[in-house]
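Keep in mind that what you see is a predicted model, and the values were worked out from it rather than measured. Chain A is the first sequence line, chain B the second, and so forth, proteins listed ahead of strands; every chain is numbered from 1.
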Number of protein chains: 4
Amino acid sequence: MIKVGIIGATGYAGVELVRLLLGHPQAQIAAVGSVSFEGKPISEVYPNLAGLFDEVLVKDDEVLARSDVVFASLPHGLSEEYAARCAETGKIFIDLGADFRLWAEEDYQEWYGLDYHRPELHRAAVYALPELYRERIRGERIIGNPGCYPTSIGLGLYPALKNGLIDPNSIIIDSKSGVTGAGRGLSQTTHYPDCNEAFSPYKVASHRHTPEIEQTLSDIAGGPVKVTFVPHLLPVNRGIVSTIYASLAQPVDLGEIHALYERAYAGERFVRVCPEGAVANLKNVRMSNYCDISLHLDERTGRLIVISAIDNMVKGAAGQAIQNMNLVCGLPEETGLTMAPPAF
Amino acid sequence: MIKVGIIGATGYAGVELVRLLLGHPQAQIAAVGSVSFEGKPISEVYPNLAGLFDEVLVKDDEVLARSDVVFASLPHGLSEEYAARCAETGKIFIDLGADFRLWAEEDYQEWYGLDYHRPELHRAAVYALPELYRERIRGERIIGNPGCYPTSIGLGLYPALKNGLIDPNSIIIDSKSGVTGAGRGLSQTTHYPDCNEAFSPYKVASHRHTPEIEQTLSDIAGGPVKVTFVPHLLPVNRGIVSTIYASLAQPVDLGEIHALYERAYAGERFVRVCPEGAVANLKNVRMSNYCDISLHLDERTGRLIVISAIDNMVKGAAGQAIQNMNLVCGLPEETGLTMAPPAF
Amino acid sequence: MIKVGIIGATGYAGVELVRLLLGHPQAQIAAVGSVSFEGKPISEVYPNLAGLFDEVLVKDDEVLARSDVVFASLPHGLSEEYAARCAETGKIFIDLGADFRLWAEEDYQEWYGLDYHRPELHRAAVYALPELYRERIRGERIIGNPGCYPTSIGLGLYPALKNGLIDPNSIIIDSKSGVTGAGRGLSQTTHYPDCNEAFSPYKVASHRHTPEIEQTLSDIAGGPVKVTFVPHLLPVNRGIVSTIYASLAQPVDLGEIHALYERAYAGERFVRVCPEGAVANLKNVRMSNYCDISLHLDERTGRLIVISAIDNMVKGAAGQAIQNMNLVCGLPEETGLTMAPPAF
Amino acid sequence: MIKVGIIGATGYAGVELVRLLLGHPQAQIAAVGSVSFEGKPISEVYPNLAGLFDEVLVKDDEVLARSDVVFASLPHGLSEEYAARCAETGKIFIDLGADFRLWAEEDYQEWYGLDYHRPELHRAAVYALPELYRERIRGERIIGNPGCYPTSIGLGLYPALKNGLIDPNSIIIDSKSGVTGAGRGLSQTTHYPDCNEAFSPYKVASHRHTPEIEQTLSDIAGGPVKVTFVPHLLPVNRGIVSTIYASLAQPVDLGEIHALYERAYAGERFVRVCPEGAVANLKNVRMSNYCDISLHLDERTGRLIVISAIDNMVKGAAGQAIQNMNLVCGLPEETGLTMAPPAF
């Protein structure tokens, strides 16, 4: 059994890790950490866990001491220290936050306003989107788990961009995320009567996931890609739908595009290319580690439209983190992640 | 008092007309028609109206006989006949359906699969988006009330396109509509457990509002405009948000764009340009005839992003129809439409 | 025109007063007060009001200075002072909070933990549920506007209790309220992902509206009535449904009960007794001042079941406050309150 | 591996069975049946299952032929035939419908309007609420799986009633169910815009689960119990909360009641008695087989208030059916049912 610990266990990503890890046949939750609720059973904060997992929340030091794999879900700027301590003690560190996602320190400085204090850690870290970077991830010990939007977008565009199907300068991404994406912290925007029966974009063309999205797309395309990215707050608990628009580089029919995506994702356990005519819907991926992708052609304007749907809390956070743990620990990648998404 | 009649009064647009007209100081609902519920009080079908409006639903003939202005909210293909009868008897006909929106019969044939049987009626009809075509509308008697998506999009792009701010070939529109947009008819997609906590696009790049959108944008631009248009079903009752992307024709700063929109809509009672930094949200326009527009610049990619929010049932249907009635009847345009949108 | 001022205008009840008063033909909002947002236009806090009502929020002193009728929507314990100042200057004071609802100071002390500092103000005040106490209210100047739950319950039980139909010791009330009832303040319970797809009671048999409910029911019954009252938080924005159970005092058939309720509420503009077989639903009263009541008999157990539905923000707060203002100012009671509830 | 078949697999309970059985380590879905969709892969009807379970839907005969355990989720009146065929061929029949729940044919005749054609099957059947009737269930082969409301209510009242804590004639049950309880079939009531932001009771004091509730409560109490039962439609997908009121038979304090419930449910894997002060909430049991129960005392009126929360689709249908299969097949009762409920 792998002994895992969770830092920031009472945040939404943290408690989703708990839910999934409780069903993981080869992992055991050795410790859960929390600053705000230290000393309380986690099931007092999250009564859904009562009887199943009543572990008392401990200090982060304790989490590190007890675990072989440490998951951290923290505000940006806090993860370097934990990564360093894991590196020193030979533990695997899987960061669900933003600190180990960007390769270029300038990007981090520009979008997050902070420096890399320990650049060697960042050099040692891997950006861990398994379907794209599986081989890079395997041997590593500092894992930068991708953001939710970048996961849905990277998977959505990978085959098209890799194969030169689309003009890399034409990409526009209109994403919609469920409210858990905003976290457990209170805000007027996520106050029920202000959020229910409401809808709007936020951080228009200025969201911090933009450089991460561009990093992945540039890497796939083999050259710099800039995108327009507009996220929206969707009045549902879970899920992201990204509607992605790009001009075709040359005429191609939908059947060929489908064949290409199916080939690219053949053997991938967690990516489902929807049949022609079907449309990806977040309801089909909820509570699961799936990414559903549907492909559409606007023949009138020569644009490809890719719809990509994930559960922001699973494939967009905790599920993918566990997929990465499996990969790093040499387990079958789907271990603990095979539950069927509910129909409703 | 203007005597108004409503054909298709038990559909969603029909009953919204009833709600608004009950508060109109110069109009009186003379008759409400329904095929399915003829002979029943409308308040039996819609108990929200009990005590306020218990009128018995009658046959369409009766509606025509009793009214000076006839509103029709019908599936496409049915309105010509009513328009003809109104024309013969000197009544004003305001069509909330699709039959009098498209100028080119070919477009109607292509997207709706039907012919114009009485082309002279279509020539006599006016496409009635008041903020754009006020002067054309005033004297007319066959009124093609715009679709909900085209209203949000036409208003959102008008100043930019009119002033050559954007490249007309670069327009991509990602719209999200509340479920009343799908009407009162039952379907699996709008069955509560299938629709709640779900989200997806539908009719991707193939929605029938596309030619209507392009007709308006082409008219504004003074030349053919083709767009990519993808609507999505949003799990809220009311409202449309259109997120519209277009490449700037030349560099311009956000302040100038704002100034231009404010100038274009100065004096317009129902269009609100949000202050810089604010984002249009459908919650602010619900139950009202407002269209809120916010403007954003993606300087990194040189794209303008326009967010346009309306209530699909008011400015996108019944409210605009009444605005048109006011215009045609020589009343102040806002008569009966001055209610404040609720905060929640 | 009556000059009205609102203290606490940026709370939910306050902004709902604004919405309704903007449509009131004989009242003019002279001033809106806020401690948290003083100096800002109210439309910056509530963009739904932009263009319609951009009044700058002022200090409470200013509100009092400019108004003839002062509405206050404040946490308990703060209203006495304003009532006193209104009394001194001859203004009408309408309190939407709890401070002027309870006749017995002991009840206030027990349930709110505070004393009456100025008992003469409380003696001068009237508990203003118009359908029950219309005649008492007319001449008064300190108006205790009823709570939302007590309104739905008092109206639901009045005819049955008044006529000795039910055993006053058998009353059990199971109420469900939309989330605006919890106000604009943030809390974990009303954080969207914690509140959406959730449901539970709160303050079980210990809610502060209990003594107010019992005060009204005792007054109707002519003797002390104690009830079991359990409120629940309902994942909708607006509306209260109270399901009220009571044992019949003697056998009676449903037709008689209906006749009795119809007689009791004949001529009441805002109470609708649903036809036999229909069930009151909060969707039919949203955004309106209606109270819908449906009546059901459990013949197997000899119990009457009354379903009472109101909009907690209108009949349960701002709408009833305006109804009281109309009553006190000698206007027709429905002035400004005649809008039809929407069908969706 | 147990070979299981599902008749009515495309209904909501059927597809929930599929979801849960896919995670069951000792069961294998041998066949899924459907009349409406025969010949299609089930993942075409429910794309959430794509890739995971693409089994083609077959005729019922085929389901029976391939299975050792047959689950049926059918409208009432159809199960006898399948039960008979299972009996003849030595298969276990687990009925999620209503046909094998009522012991007295008169009750079935009165509430369902049908006769028992094969009374011997009903005599051989067991009403299978495991926490109450575990020993009766073990050896049986025709299993009447309880209704959703009766499950929440039977579990909620069992310890109180068994121990004579409450007056059996005073029981009033106010239940609220998510919309999946109404099934996959379309209706105006469950059309999204009619159901969202709405709330009301239905089948007031006349719901068909009433005799089943009374059967269980009478059996516990050892004498006839009649209840008032009012279900409500709650705008969420899943979950039931029953708020149950009963007069105490004699004075008792909350601590004693708690102790009694904890004793009664000690060792029960799927019943959680909430700690004093906590309130059961459906959000904590979603997607799980738990029943959460919280206990409250209204000392002012001498009433016990029990709040019972389950997932109507799991403990109220498919999960309990699997629990019964485990029991009947000699597996540990929680096999395949140990997943943690999500926090959101």
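The most heavy-atom pairs under 4.5 Å with chain C, out of Ala50(B), Gly23(B), Gly51(B), come from Ala50(B).
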Kindly provide each donor-acceptor pair between chain B and chain C shorter than 3.5 Å, listing atom names and distance.
unit_1, atom_1, unit_2, atom_2, d
Asn48(B), N, Asn284(C), OD1, 3.3
Asn48(B), O, Arg272(C), NH1, 2.9
Asn48(B), ND2, Pro341(C), O, 2.9
Ala50(B), O, Arg272(C), NH1, 2.6
Asn196(B), ND2, Glu197(C), OE2, 2.9
Glu197(B), OE2, Asn196(C), ND2, 2.8
Arg238(B), NE, Phe344(C), O, 3.1
Arg238(B), NH2, Phe344(C), O, 3.3
Arg272(B), NH1, Asn48(C), O, 2.9
Arg272(B), NH1, Ala50(C), O, 2.6
Asn284(B), OD1, Asn48(C), N, 3.3
Pro341(B), O, Asn48(C), ND2, 2.9
Phe344(B), O, Arg238(C), NE, 3.1
Phe344(B), O, Arg238(C), NH2, 3.3

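Ala278(B) is linked by a side chain to side chain contact (heavy atoms under 4.5 Å, CB included) to Cys274(B), Pro275(B), counting only residues two or more places apart in sequence or in another chain.
Using a 4.5 Å heavy-atom cutoff, the side chains of Met287(C) and Met287(B) are in contact.
Only the side chain of Leu22(B) has a heavy atom closer than 4.5 Å to any heavy atom of chain C. Proximity to chain B (any heavy atom under 4.5 Å) is restricted, for Val15(C), to the side chain, taken from C-beta onward.
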